[in-house]
Protein chains: 2
Amino acid sequence: MMQDSNNKSLSAYQQSYEALRDMILTGTIKQGTKLVEEKLATELGVSRTPIRESIRKLEQEGLIVNKRVVKLSETDLRNTFELRKLLEGHGARSAAAYMSEQEYLALERCVKIGRSGSLEAIMEANKEFHEIIMRASNNTLMIDLFDRMQSVIYLFRQTVVYHNRPFLIDEHQKICEAIGAHDGDTAEQLMKEHLQADLDFCLHQIR
Amino acid sequence: MMQDSNNKSLSAYQQSYEALRDMILTGTIKQGTKLVEEKLATELGVSRTPIRESIRKLEQEGLIVNKRVVKLSETDLRNTFELRKLLEGHGARSAAAYMSEQEYLALERCVKIGRSGSLEAIMEANKEFHEIIMRASNNTLMIDLFDRMQSVIYLFRQTVVYHNRPFLIDEHQKICEAIGAHDGDTAEQLMKEHLQADLDFCLHQIR
DNA sequence: ACTGATTATATTGTATACAAAAATAAATTA
DNA sequence: TAATTTATTTTTGTATACAATATAATCAGT
């Protein structure tokens, strides 16, 4: 009757995928936990079949490794940000060259919200900022990859008190300006520095 | 008794994954074909369960889209090479900075075989050349990604008469030299140019 | 002949049973 | 007691049945 809040004819697989992912992302299941198909199945009220598929999917997103919830290491963090620097650096360069006026306005809006919005709105706008730039790469392969990395990035953020990361909006603004000036070199460079600063901030907090 | 040549206690999933992948890569199943689980299952002598998992895996490698064998477009080709340029460019830069003497010798050997080996050996050495450099990135995330891209790259190659691509070994040698000289900028630059040349060669043949 | 509804068919999604393998606990021996 | 075997239990892999959905075919009515 009310065991699932949103039971609205989504496939069992989709439901259990999302449920499991959220349980991992929110820390309800904590890192390193062994996942047992049958246990999850009864817990989520479905059979093992959709659970299995969910696990496979989450494995390829990097949230599950070897039937265990991933334990993110410092190396994982570094590797992830190194890849982000490549992808988003490229995205920023492309944005400087090809971004539409409309998308650029949306980008500016993200910066503005970053300065004036509620905490919730700020977090959302900052995420959107990176998504818009990534879209400008116009490379679905990279965009899909970027999307798949979001879960792991989110999971890292859970470990870190992130909302007061200094200069974040200033950095976004600089990137935005470089894109507006169609200066690809600078945009790429600034994006890489921005992500490096992010990484350093995370690393600093972890230790 | 002899329906499978290599029946050596590999899991049904592993067997069917490899069989299906090879069928796609060799063109036995041609691009755009709708894949039906049950048909494949009886064909490969297993149940639908491992077939399903194989299909999922191949979907995430990009060989299957929507239960159909992918039809690689020119855009796919461009997108793939754009990503390769980022990854392998970075790999080359890292190689110039950090590659071990042993790995470097292996790299040189690949170039040498490229000049003197049999056609088969040359193809293999050229593939190895890129793998060695990618390993030097020392970033498992990128290396895994690179590995997963190989199937699609291979499939592209099937469309193209590739063995006589001009200057290929010369380009490899230049890259190798830049790595040996610990010149990261040049190594990255040359790798990107090399891949661009590869892309152009493919595009030229396709049309 | 074309369009839309209706039926039939094919295909996938999900549950479940059972066998194979892995992990754990118990028992034996040195 | 520690190490090694042998049972026992848990967990996963695979096959299969059935239900839900999507696809194709048939048939009416215009």
Side-chain angles (χ1 to χ4, degrees), chain A residues 1-24 28-71 144 148, chain B residues 1-24 28-71 144 148:
Chain A
M1 273 106 237
M2 64 177 327
Q3 63 195 50
D4 288 334
S5 47
N6 48 358
N7 200 357
K8 49 185 78 154
S9 78
L10 272 170
S11 72
Y13 157 69
Q14 191 112 354
Q15 278 182 244
S16 56
Y17 163 73
E18 283 171 18
L20 185 50
R21 188 197 53 194
D22 291 350
M23 274 151 68
I24 294 172
T28 308
I29 309 179
K30 73 166 188 283
Q31 301 194 17
T33 310
K34 171 83 190 290
L35 297 175
V36 176
E37 294 173 6
E38 191 134 315
K39 216 161 121 243
L40 290 170
T42 53
E43 209 169 314
L44 298 177
V46 296
S47 82
R48 275 177 58 209
T49 313
I51 294 291
R52 273 185 132 235
E53 306 209 330
S54 301
I55 289 178
R56 290 281 143 87
K57 184 87 190 298
L58 291 164
E59 249 165 359
Q60 78 104 222
E61 281 179 31
L63 286 183
I64 297 178
V65 176
N66 254 339
K67 278 112 218 276
R68 283 175 186 280
V69 178
V70 69
K71 277 184 93 152
D144 290 351
R148 266 179 281 146
Chain B
M1 270 90 252
M2 66 177 325
Q3 65 195 52
D4 288 335
S5 48
N6 49 0
N7 200 0
K8 49 186 80 156
S9 78
L10 272 170
S11 72
Y13 158 68
Q14 191 112 352
Q15 280 183 243
S16 58
Y17 163 73
E18 284 172 16
L20 185 50
R21 188 197 54 195
D22 291 350
M23 274 151 73
I24 294 171
T28 308
I29 309 180
K30 73 168 190 277
Q31 301 196 18
T33 309
K34 172 82 189 289
L35 296 176
V36 176
E37 293 173 6
E38 192 135 311
K39 219 163 119 242
L40 289 169
T42 52
E43 208 168 314
L44 298 177
V46 296
S47 83
R48 275 176 58 210
T49 312
I51 294 290
R52 272 185 132 234
E53 305 208 332
S54 302
I55 289 177
R56 290 280 144 86
K57 185 87 189 300
L58 291 164
E59 249 164 0
Q60 77 103 223
E61 281 178 31
L63 285 185
I64 296 178
V65 176
N66 255 338
K67 277 111 219 274
R68 284 176 186 279
V69 178
V70 68
K71 277 185 92 150
D144 290 351
R148 266 180 282 144

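Just so it is clear: chains get the letters A, B, ... in the order the sequence lines come, proteins before strands, and each one is counted from 1. Fair warning: this is a prediction, and the values are worked out from it, not measured in the lab. Values below: all heavy atoms of this structure, side chains included; hydrogens, waters and symmetry mates excluded.
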Problem set entry | Gln14(A) CD: over 12 foreign heavy atoms closer than 6.0 Å | yes
Exercise. Atom CD of Glu53(A) and atom CZ of Arg52(B): how far apart are they, to the nearest 0.5 Å?
Worked result: 4.5 Å
Please state how far atom [atom1] in [X] lies from atom [atom2] in [N], giving the value in whole angstrom units.
| X | N | atom1 | atom2 | value |
| --- | --- | --- | --- | --- |
| Glu37(A) | dT12(D) | CD | P | 5 Å |
| Glu53(B) | dG13(C) | CD | P | 13 Å |
| Arg48(B) | dT14(C) | CZ | P | 11 Å |
| Gln15(A) | dT14(C) | CD | P | 9 Å |
| Ile55(A) | dT11(D) | CD1 | P | 12 Å |
| Glu38(B) | dA10(C) | CD | C1' | 10 Å |
| Asn66(B) | dT11(C) | CG | P | 16 Å |
| Ile51(B) | dG13(C) | CD1 | P | 14 Å |

Problem set entry | Ser47(B) vs dT14(D): side-chain N/O to OP1/OP2 distance below 4.0 Å | no
Exercise. Should Lys67(B) be listed as having a side-chain N or O under 4.0 Å from OP1 or OP2 of dG13(C)?
Worked result: yes
Exercise. Side chain of Lys34(A): nearest nucleotide among dG13(C), dA15(C), dT12(D)?
Worked result: dT12(D)
Exercise. Can you tell which of dA15(D), dT14(D), dT12(D) lies closest to the side chain of Ser11(B)?
Worked result: dT14(D)
Problem set entry | Taking every non-hydrogen atom, the tightest pair across Ala19(A) and Leu44(A) | CB-CD2, 4.0 Å
For this session: Just call it for Thr49(B): base, sugar-phosphate, or nothing, with non-hydrogen atoms closer than 4.0 Å on any strand.
Result: base
For this session: Indicate, with a heavy-atom threshold strictly under 4.0 Å, whether Leu40(A) touches base, sugar-phosphate, or nothing.
Result: nothing
For this session: Answer whether the closest heavy-atom distance between the side chains of Val69(A) and Lys30(A) falls below 4.5 Å.
Result: no
Problem set entry | Contact check, side chains of Leu58(A) and Glu61(A), non-hydrogen atoms, under 4.5 Å | yes
